[in-house]
There are 2 protein chains.
Amino acid sequence: MARTRPTRAETRRQVLDAAFEVFGQRGIAATSLTEVAAAAGLTKGAVYSNFDSKDELVLTLMEEHAGHRIQASLDAVDADGGADVFGQVAAVLVREMRADAVWHRLLAEYFALAHHDPRKQKALQGRRREVRATVARALVQVSEGLGFALPMPADDLAIVFLALSNGMAVESDIDPGGVPDDLLARVLTLIAGDAVVALREAAARASVD
Amino acid sequence: MARTRPTRAETRRQVLDAAFEVFGQRGIAATSLTEVAAAAGLTKGAVYSNFDSKDELVLTLMEEHAGHRIQASLDAVDADGGADVFGQVAAVLVREMRADAVWHRLLAEYFALAHHDPRKQKALQGRRREVRATVARALVQVSEGLGFALPMPADDLAIVFLALSNGMAVESDIDPGGVPDDLLARVLTLIAGDAVVALREAAARASVD
DNA sequence: CAAGGTCGATACTACTCGGTATCCAATACT
DNA sequence: AGTATTGGATACCGAGTAGTATCGACCTTG
């Protein structure tokens, strides 16, 4: 006979997915656990059976989702080994920025929330350092692979990268349509400087040949 | 006889100032009106006598403070008519970024909050457009005054400007010490390109003479 | 200087939330 | 199959919230 009862892992997933959706729509603080449970087709008891507290749920959710996002972005970057890397990367970022407006909003609230909770603050800081390091590594890899020098230390550039994409996501969410799609690409090109412009032109010529 | 009772305006100010302080420390959602009132040396009755609701208080507070900040930033930029404008501006921004970490955190929470309240959303959007337009105007003025071309349309550059400073403020708040002080200046120089580099060197020579 | 009005304190209501205790049913084990 | 265990539903509690009614003190005005 087929099992009539879902496994613990399945229930946990349901709760996490529902939480992300409802938190994203109504905000973390404004959403009660009852609402989360209802969205998952369960009750508060199920939530407390899987998570020790609301904070625990939020923390787990943010950690997990952040991890997924890093991986997705890295895959997207790794996938195209082409020459017009900055353009490609910018395109990927813009696409994700639009699609994951919800995520950026959640992150903003979590950022505000974290400042009053040492545990969340620590988690956020650790995760952010990891993200920065990963981005920096990717930048080095790309620059070496294509043979051009980065305009500043990779660590610093990673910060700029993240700040810019995050900031533009916020601007774009506040005023949809007010942020041109290709703006991020243009800025990145300016920052990268002449080296990449030459590189891009060379790639364009090569693809024509 | 001197008045023993403060005017309505005075009380209102007290509430608003206290609200900014307490909201900044503990977060908007996490702060009760009783706490706000207590911080102002008053009671909840005083708050409700001056504001129709908590939302009303928050809205007024953000609107007012945002206005003040625009003015302050503009004044700071206007004040120095020197040649090394980008460096100066970056310095001002960095200083304000550090000092007003509280403000950025409040804005982040408000940004998340606004998405679920059409009224706040509209207010935030309108205010943001105003800020962008003001920054764009300042950029045009500076570039014309110094006789160099902006690397992209002023409106777009304003967005980049805001996204970058806002994003870096967040990064800096998450991981204090992880963001070099001069990073913003370096990025702005890269974005501005050779024109400003030349300009800056010219200014340096001039100041030595 | 009295009358009327305003402002803010006090006390209270109605409600929601996070979290807990308990209990029942479905599962795993022997 | 019978038993132990686990997962989730239900009911409940204490705390704390926004918001309201009321009342007294103070200011203003005729």
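First the proteins, then the strands, lettered A, B, ... as listed; each starts at 1. Only a predicted model underlies this, so the values are computations on that prediction, with no experimental measurement involved.
Put simply, CD on E10(A) is 14 Å from C1' on dG8(D), counting in whole angstrom units. The CG atom of N50(A) sits 9 Å away from the C1' atom of dG8(D) (whole-angstrom rounding). Straight-line distance from the CD atom of Q14(B) to the P atom of dC7(C): 15 Å, rounded to whole Å.
A rotation axis mapping the C1' atoms of four pairs onto the next four is fitted at both ends of the helix from dC1(C)-dG30(D) to dT30(C)-dA1(D) over five pairs, and the angle between these axes is 20° to 10 degrees.
When every heavy atom of A136(B) is checked against every heavy atom of D155(B), the shortest pair comes out as CB-OD1, 3.5 Å. For the residue pair A29(A) and E109(A), the shortest heavy atom distance occurs at N-OE2, 2.9 Å.
Of the possible polar contacts, one joining the R105(A) side chain to the G24(A) backbone as a donor-acceptor pair under 3.5 Å is found.
Within the 4.5 Å cutoff, side-chain heavy atoms of V36(B) are placed close to those of F23(B). L157(B) is listed as a side-chain neighbour of I191(B), based on a closest heavy-atom distance under 4.5 Å.
Between H65(B) and W103(B), the ring planes are tilted. Angles from 30° to 60° get that label.
Ion pairing between R119(A) and E56(A) holds under the 4.0 Å rule for side-chain N and carboxylate O. Salt-bridge formation is detected for the pair E130(A)/R127(A): a Lys NZ or Arg NE/NH1/NH2 atom is positioned less than 4.0 Å from an Asp or Glu carboxylate oxygen. For E63(A) and K120(A), the salt-bridge test fails: no basic side-chain N is under 4.0 Å from an acidic carboxylate O.
For S49(A), no side-chain nitrogen or oxygen approaches OP1 or OP2 of dG7(D) to under 4.0 Å.
Between D175(B) and the options Q121(A), R128(A), R129(A), a side chain to side chain donor-acceptor pair (under 3.5 Å) holds for only R129(A).
With 3.5 Å as the limit, one finds no donor-acceptor pair spanning the side chains of H116(B) and R26(A).
For residues 107-124 of chain B, proximity to DNA chain D is found at no residue, defined as any non-hydrogen atom under 4.0 angstrom from a strand atom.
Side-chain proximity of L42(B) to dA9(C), dC7(C), dG8(D): nearest is dA9(C).
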request  = List the protein contact pattern of nucleotides 16-22 of chain C with one symbol per nucleotide (5' to 3'): B for base contact, S for sugar-phosphate-only contact, - for none; contact means a heavy-atom distance under 4.0 Å.
outcome  = -SBBB--
